[in-house]
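These numbers come from a predicted model, not from an experiment. A, B, ... follow the sequence lines: proteins, then strands. Residue 1 opens every chain.
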Protein chains: 2
Amino acid sequence: MDDHINLKKTGLKATLPRLKVLSIFENSKDRHLSAEDVYKVMISSGDEVGLATIYRVLTQFEQAGLLIKHHFESGKAVFELNQKSHHDHIVCTQCGYVQEFLNNDIERIQEQVANSLDFKIIDHSLYISADCTKKACSRRIDKKNR
Amino acid sequence: MDDHINLKKTGLKATLPRLKVLSIFENSKDRHLSAEDVYKVMISSGDEVGLATIYRVLTQFEQAGLLIKHHFESGKAVFELNQKSHHDHIVCTQCGYVQEFLNNDIERIQEQVANSLDFKIIDHSLYISADCTKKACSRRIDKKNR
DNA sequence: GTATATGCAAAACTTTTGCATCCTT
DNA sequence: AAGGATGCAAAAGTTTTGCATATAC
């Protein structure tokens, strides 16, 4: 809520497409959406919008720090809200479910490793592809289209 | 060397394009190459080859376990030889240098985390984008084209 | 009113596919 | 000889861009 405020901070005008995109990320049960995903939601809710606008808005939001962009293993980018603190991802190869996690030991060791190799970390992404075991896969959501 | 032997194990015929692709990965100073990269090397060395063939060969090699495919953050896939044991990557945002590393603690903790969340890991990739500090960046190689 | 944002269409880029021809076995 | 592999061109998928119109401030 109060997306206007978020947008104001970025210097971007509070236009209808932008507000709608934010609200989709805030209300979607799936935190990780591609441009196409967002576009489909808007179209099927009756908005007149172009896919190009979605791409532009997503890119602007990423640069403004509102969204984070991931590539995972699919060749198409997905975005998620940047409200939450940093975390990594496990993606089920069977049902597409995305499990977020954070492990402070992993975070800390990464820093040590990078430092010892004379790198200063800007960002990192740990992406695990895995199979849900029975229990986890019962969280199954609508299958991703790939 | 002895790429014929490697190929034989995969059931793929030892054709000229396939042998050449393998040799490029073996001899290139950059272990991480895109389809376009490989294509350019072959074209500029006088081979008559189609980009489609490169994509087919790379995909076959990946399925055969000869190559590993990464997506990093660029939207285009890069491949590397699978000779070495598993490792993760730090990529310098300044010069494109790719530093490989392996940390057994990180590997072990990943397994624990995935298990505790009811996932069975199939694969993972830890990708760190970072700046070389002075010392590391002196390893600077030809800038990537993006 | 002015600058910015949008929608549409076209283009750019990466990757895949169909098909006739060629090459390995 | 036979099946698989290649090259070319065309298509498919994702993302970007040009431009006239519409919108927010």
**Prompt:** Sub-3.5 Å donor-acceptor pair from the side chain of B:R18 to the main-chain atoms of B:K13, do we have one?
**Reply:**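 Looks like yes, one N/O pair under 3.5 Å.
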
Provide, to the nearest angstrom, the distance between the [atom1] atom belonging to [X] and the [atom2] atom belonging to [N].
{"X": "A:Y39", "N": "D:dG13", "atom1": "OH", "atom2": "P", "result": "15 Å"}
{"X": "A:L58", "N": "C:dT6", "atom1": "CG", "atom2": "C1'", "result": "15 Å"}
{"X": "A:Q60", "N": "C:dT6", "atom1": "CD", "atom2": "C1'", "result": "11 Å"}
{"X": "B:L7", "N": "C:dT25", "atom1": "CG", "atom2": "C1'", "result": "14 Å"}
{"X": "A:D37", "N": "D:dT15", "atom1": "CG", "atom2": "C1'", "result": "15 Å"}
{"X": "A:D47", "N": "D:dT23", "atom1": "CG", "atom2": "P", "result": "13 Å"}
{"X": "A:R18", "N": "D:dA24", "atom1": "CZ", "atom2": "C1'", "result": "10 Å"}
{"X": "A:I54", "N": "D:dT16", "atom1": "CD1", "atom2": "P", "result": "13 Å"}

Just so I know, are the side chains of [X] and [Y] near enough to count as touching, which here means a heavy-atom distance under 4.5 Å?
{"X": "B:L58", "Y": "B:E62", "result": "no"}
{"X": "A:H124", "Y": "A:D88", "result": "yes"}
{"X": "B:F79", "Y": "B:L33", "result": "no"}
{"X": "B:I128", "Y": "B:V91", "result": "no"}

**Asked** Taking the side chain of A:V49 as heavy atoms from C-beta outward, which of C:dG7, C:dT24, D:dA24 is closest to it?
**Response**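 Of the options given, the side chain of A:V49 lies nearest C:dG7.
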
Close N/O contacts between protein and nucleotides 13-20 of chain C (under 3.5 Å):
{"unit_1": "C:dT14", "atom_1": "OP1", "unit_2": "B:K76", "atom_2": "NZ", "d": "3.2"}
{"unit_1": "C:dT15", "atom_1": "OP1", "unit_2": "B:A77", "atom_2": "N", "d": "2.9"}
{"unit_1": "C:dT15", "atom_1": "OP2", "unit_2": "B:Y55", "atom_2": "OH", "d": "2.4"}
{"unit_1": "C:dT15", "atom_1": "O5'", "unit_2": "B:Y55", "atom_2": "OH", "d": "3.3"}
{"unit_1": "C:dG18", "atom_1": "O6", "unit_2": "B:R56", "atom_2": "NH1", "d": "3.2"}

**Prompt:** Under a single-linkage definition using a 4.5 Å side-chain heavy-atom cutoff for Ile, Leu, Val, Met, Phe, Trp and Tyr, are A:V78 and A:L22 assigned to the same hydrophobic cluster?
**Reply:**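 Different clusters: A:V78 never reaches A:L22 through Ile, Leu, Val, Met, Phe, Trp or Tyr contacts under 4.5 Å.
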
**Prompt:** Where each residue is assigned the nucleotide of DNA chain C containing its nearest heavy atom, which of A:E48 and B:L12 is assigned the position nearer the 5′ end?
**Reply:**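 Upstream on the strand: A:E48.
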
